[in-house]
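Everything below concerns the one structure shown next.
Per chain, numbering begins at 1; letters A, B, ... match sequence-line order.
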Amino acid sequence: MPEAEARVRQSLAERVAPYAYIAPFFLLFAVFGLVPLLFTFYVALFDWNPIGEHVFIGFDNFTRLFGDTRFWDAAWNTISIWLLSTVPQLLIALVLAHLLNHARLRLAVFFRMSMLVPYITSVAATTVVFAQMFDRDYGLLNWLLGLFGVGPIDFLQSGWGSHTMIAVMVTWRWFGYTTLLYLASLQAVPRTIYEAASVDGAGAWKQFRHISVPSLRPVIVFTIVTSTIGGLQIFTEPLLVSNTSPLTCGPARHCQTLTLFLYEQGFGQFQFGYGSAIGVALFVLIIAVATLNYVLSTRIRPERG
Amino acid sequence: MKKADRVRWWTYLLLGVATLACVFPLYWMFVVATTDTATATKLPPEILPGGNFFHLAGLVFTTVPFVRSIINSLVVAGSIGIGHALLCSLAGFAFAKLRFPGRNALFLVVVLTMTVPTQLAVIPQYMIISSLGWVDTLQALIVPGLASAFGIFWMRQHLATTISDEILQAARIDGAGTWQIFWRIAFPLVRPAAFVLGLLGFVTAWNDFLWPFIVLKSPEMYTAQIAIKALQNSYSIDLGLAMSGSFLATLPLIVLFVFVGRRMVAGIMDGAFKG
């Protein structure tokens, strides 16, 4: 019964088809995402030289890590840069999205497109141009400050200076993209709600505070979680900002982040085990901060009255 | 019109400032990329472009194999863009329109993978690439980026809202197999969304830094971003050199953006959360 056989075979192929269609993603994620992540926990237990021996040493890498001031500095730098870049970015995006949502706004397409220009600019290019603008001797910013009798400020030579500088780069690159996400959500809010509020005499601030912000809750939670995961793994900006000692973000490690520290130990010093221990610590930090953020941001609720 | 409905002047002022902030750094990149070191280190700074663009651009091409870098970037970003458009549409189609055991649970897994930080696992990732013999090759950059959870989520949303079950039913009665239904009916209908997704994949891959920085070793394999880093190492020689390289590496995306920026904006806003 060749015909029946063919039908059975076809229906089998049909039944397998959905799994075959989703398989590529799961395969790629397993091989290049999940397995490496789990393997990080394993390698962290070894003294692991990429071209030599690897010896099981239990939790020695972690004991060493917690006694390493460079680790605590890097952890602080990471959190500081993340806070300085995320908070302003989300606030700016909130305000701009609210402004762009006005029904009678002219040049709306032009404004929206401009917002996306930083997003298409690479981190590397962004860092090179901002590093020049923040330069102590020839930078645009110090020249401007000089007109007011301030400075020159050597941004790279201080913790707050280098953190601010990197935070400005991150904020610049992402605020427009976030604005568009917020704007898309705002456009789903019926116009009549704003009109009714306006008739009731609610001004711009009240409309922003009591209509826009609460209706953005899901997308705000989403952007906070993604900027936590992305922001805490920041690498390229601190690497490129100092061209004399890139792996430490300047000789004094003022802006060395955890991922940069991981790179320095793993690929600069060939200590895969110690580098992986840094990765594990970063993982724990990300989970902790993301959970905290999630809990805090779910408290944004529509206010009564 | 009531007063409250008018757009206030400060709305335009604030949006104007934001627009300027978005565009000025690119303009400044161009300015420094066109001036010689003496001018670039002069105070007050020169605000207008100089005449040194071609000299510096020429230096970029002789300092690093920049043509190769741009080609490498095009190959990597192009493959990832096409891979995204196809593989994410296919998976999104399965999740949106096919019934199979475990569908909802598997989709939840896809969404949850978006919250897994994987960049911190670069050491084992490198070990895997190394055991595949892919160090210093472009497939090390292409293969891991061919599909993404974000892309599947996005295409599923588009497929679920664009394609009615009646069309699929009709096709099935006509004897079309699942693959034919996807390829001849579903995919053509969501091609605009898949195109924007491909663009986003292209831009992300073009701008990626950490992973190519780890995997690529020889200058002929560098992508444009790693070439910028290589130019920066000779920063002390000429201030404008790294800037010129940055500008040249950004230029293809600016050109692309002029043509498809509008669709990208619409696509990002369509794919975003509603309500």
Side-chain angles (χ1 to χ4, degrees), chain A residues 14 17-18 21-22 24-25 28-29 32-33 36-37 39-40 43 96 99 102 104-105 111-118 120-125 128-129 132-133 138 140 143 176 180-181 183-185 188 198 218-219 222 225 229 233 235-236 240 243 259 266-267 272 275-276 279 282-283 286, chain B residues 4 7 11 14-15 18-19 22-23 25-26 28-29 32 41 43-45 87 90-91 93-94 98 100 106 113 115-121 123-125 128 144 146-147 152 178 203 207 209-210 214 225 228-229 232 235 242-243 246 249-250 253 257 261-262 264-265 268-269 272-275:
Chain A
E14 289 290 301
Y21 295 175
I22 62 172
F25 167 76
L28 291 175
F29 180 74
F32 300 110
L37 184 65
F39 206 53
T40 301
V43 178
L96 290 177
L99 296 179
H102 203 293
R104 306 170 67 79
L105 185 74
F111 286 130
R112 286 180 199 175
M113 278 185 68
S114 322
M115 298 293 149
L116 212 55
V117 167
I120 61 153
T121 311
S122 74
V123 182
V128 169
V129 69
Q132 198 281 337
M133 292 203 280
Y138 314 114
L140 203 56
W143 171 73
L180 292 183
L181 292 185
L183 176 60
S185 267
S198 169
V219 69
F222 173 78
V225 170
I229 295 164
Q233 296 184 87
F235 172 82
T236 311
L240 288 175
N243 71 64
T259 310
F267 295 96
F272 275 15
S276 294
L282 179 53
F283 181 80
I286 290 172
Chain B
V7 186
T11 297
L14 287 174
L15 289 174
T19 301
C22 285
V23 179
L26 280 188
W28 188 243
M29 199 193 294
V32 181
T41 55
L43 290 175
L87 290 178
L90 198 54
F93 172 70
L98 301 179
F100 55 94
L106 286 168
T113 63
T115 64
V116 178
T118 51
Q119 189 161 296
L120 56 86
I123 289 174
Q125 279 165 359
I128 288 172
L146 281 177
I152 293 172
T178 309
V203 171
N207 289 335
F209 188 89
L210 173 59
I214 287 175
Q225 305 308 319
I228 293 178
K229 169 76 184 132
Q232 205 201 24
Y235 196 71
M243 205 70 90
S246 298
T250 310
L253 287 195
F257 190 70
R262 237 185 134 128
M264 276 174 74
V265 170
I268 287 170
M269 290 181 59
F273 289 69
K274 299 284 168 112

Of the backbone (N, CA, C, O) and the side chain (C-beta and beyond), which part of [X] lies under 4.5 Å from a heavy atom of chain A, both, or neither?
X        : value
B/Ala18  : both
B/Ile128 : side chain
B/Leu98  : side chain

Quick one: what part of [X] sits under 4.5 Å from any heavy atom of chain B, side chain, backbone, both or neither?
X        : value
A/Ile286 : side chain
A/Leu28  : side chain
A/Pro24  : side chain
A/Ile229 : side chain
A/Phe39  : both
A/Phe267 : side chain

### Query
Side-chain donor-acceptor pair under 3.5 Å between A/Thr259 and A/Gln233, yes or no?
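The answer is no; no qualifying pair exists.
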### Query
Who pairs with B/Leu253 by side-chain contact (heavy atoms from CB on, under 4.5 Å), at least two apart in sequence or on another chain?
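By the side-chain contact (heavy atoms from CB on, under 4.5 Å) rule, B/Leu253 matches A/Ile120, B/Phe202, B/Val203, B/Trp206, B/Asn207, B/Leu256.
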### Query
For A/Ala125, what residues pass the side-chain contact (heavy atoms from CB on, under 4.5 Å) criterion, not counting sequence neighbours?
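Scan of A/Ala125 (side-chain contact (heavy atoms from CB on, under 4.5 Å), adjacent residues dropped) gives A/Thr121, A/Ser122, B/Met29, B/Ile228, B/Ser246, B/Thr250.
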### Task
Using a cut-off of under 4.5 Å on heavy-atom pairs, state which of B/Ala147, B/Ala94, B/Pro144 scores highest against chain A.
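Highest number of pairs under 4.5 Å: B/Pro144.
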### Query
If you tally heavy-atom pairs under 4.5 Å against chain A, which of B/Thr113, B/Leu14, B/Leu87, B/Leu146 wins?
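Among B/Thr113, B/Leu14, B/Leu87, B/Leu146, the one with the most close pairs to chain A is B/Thr113.
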#### Entry: Minimum heavy-atom distance between B/Gln225 and B/Phe209, given as atom pair plus value
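Of all heavy-atom pairs spanning B/Gln225 and B/Phe209, the closest is O-CE1, 3.7 Å.
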### Query
Backbone N or O of A/Ala124 within a donor-acceptor pair of the B/Gln232 side chain at under 3.5 Å?
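Absent.
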### Query
From A/Phe25 CZ over to B/Ile152 CD1, what is the distance, rounded to the nearest 0.5 angstrom?
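Those atoms lie 5.0 Å apart.
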### Query
Taking side chain as C-beta onward, heavy atoms only, is B/Thr178 less than 4.5 Å from B/Phe93?
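Yes, side chains in contact.
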### Task
For the residue pair A/Ile22 and B/Phe100, establish whether any side-chain heavy-atom pair is separated by less than 4.5 Å.
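The answer is yes, as the side chains (C-beta and beyond) meet within the 4.5 Å cut-off.
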### Query
So which of A/Leu96, A/Leu116, A/Val43 has the biggest tally of heavy-atom pairs under 4.5 Å with chain B?
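Answer, by heavy-atom pair count under 4.5 Å with chain B: A/Leu116.
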